[in-house]
Structure formats: C-alpha cells, structure tokens
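Remember, it's a predicted structure, so these values are computed and weren't measured experimentally.
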Amino acid sequence: MMIKIFLCDVKDNYTIKQMFIEPGTTISVLLSEILGLSDSVNVGIYGKLLDKSYTLQDNDRVEFYERILVDPKIRRKKGIIK
C-alpha cells in the first residue's frame, strides 16, 4: 500500500503536486532517489524544517525552500532591495 504526499515548491509558483510513495520513505530518499535532487535542499513539512532522516507520513506536505542569502531584517534596515 502506498502513501500520498504533496510537494510544494516555491520555484514552481507554489504549485502543489500529489505523489504516491512507499511507506517508510525518508526525506533523504525522496530527494536523492525519487526526485534526483541534492541533499542540500532545505525541506520542511507544513512549514517546519525537519532532518533529512524524517520518515514521511500519509498526507504530509513536503515544502522546498529557497536559501536565504541576507537576513530580511538586515536587508530592510540597510535598505537593500532584492
């Protein structure tokens, strides 16, 4: 029996895609073996950053985050525009 997860990527205009995977799949396995992505990608479930060893559960929403290059507070304080 497969479990259903949802993928949400900021680079893809926050489009949510549905995927079925084997029970017991970790974030690390999802990234490297299923999606072919680097393990250095920042990933969270429902807005919470998790370790790559987290075992995905049915109906988890896996979110891919952009790397923050400059702290938003510092950027506003110094008037830096993206």
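Within the 4.5 Å cutoff, the side chain of Leu31 has heavy atoms near those of the Phe64 side chain. With contacts defined as side-chain heavy-atom distances shorter than 4.5 Å, the pair Leu35/Leu7 qualifies. In this structure, Met19 and Leu56 have side chains that are not in contact, with every pair of non-hydrogen atoms separated by 4.5 Å or more.
Between the side chain of Glu63 and the backbone N or O of Gly47 there is at least one donor-acceptor pair closer than 3.5 Å.
The side chain to side chain donor-acceptor pair (under 3.5 Å) test applied to Asn59 returns no partner, not counting sequence neighbours. Residues that satisfy the side chain to side chain contact (heavy atoms under 4.5 Å, CB included) test with Val29, not counting sequence neighbours, are Thr25, Thr26, Glu33. Contacts of Met2 classified as side chain to side chain contact (heavy atoms under 4.5 Å, CB included), with partners at least two apart in sequence or in another chain: Phe20, Glu22.
Once rounded to the nearest 0.5 Å, the distance linking OG of Ser28 with CG of Leu37 reads 11.5 Å. Taken from CG in Leu50 to CG in Asn42, the straight-line distance is 11.5 Å, to the nearest 0.5 Å.
Minimum interatomic distance between Gln18 and Phe6 (heavy atoms only, all atoms of both residues): OE1-CE2, 3.8 Å. Asp51 and Ser53 get closest at one heavy-atom pair: OD2-OG, 2.5 Å. Nearest heavy atoms, Lys4 versus Asp58: N-OD1, 2.8 Å. The two atoms that bring Ile5 and Gln57 nearest to each other are CG2-O, 3.8 Å, heavy atoms only.
When hydrophobic clusters are built by joining Ile, Leu, Val, Met, Phe, Trp and Tyr residues whose side-chain heavy atoms come closer than 4.5 Å, directly or via intermediates, Ile21 is grouped together with Tyr46. Connection of Ile3 to Val43 is established within a shared hydrophobic cluster, with ILVMFWY side chains joined at heavy-atom distances below 4.5 Å, either directly or through further cluster members.
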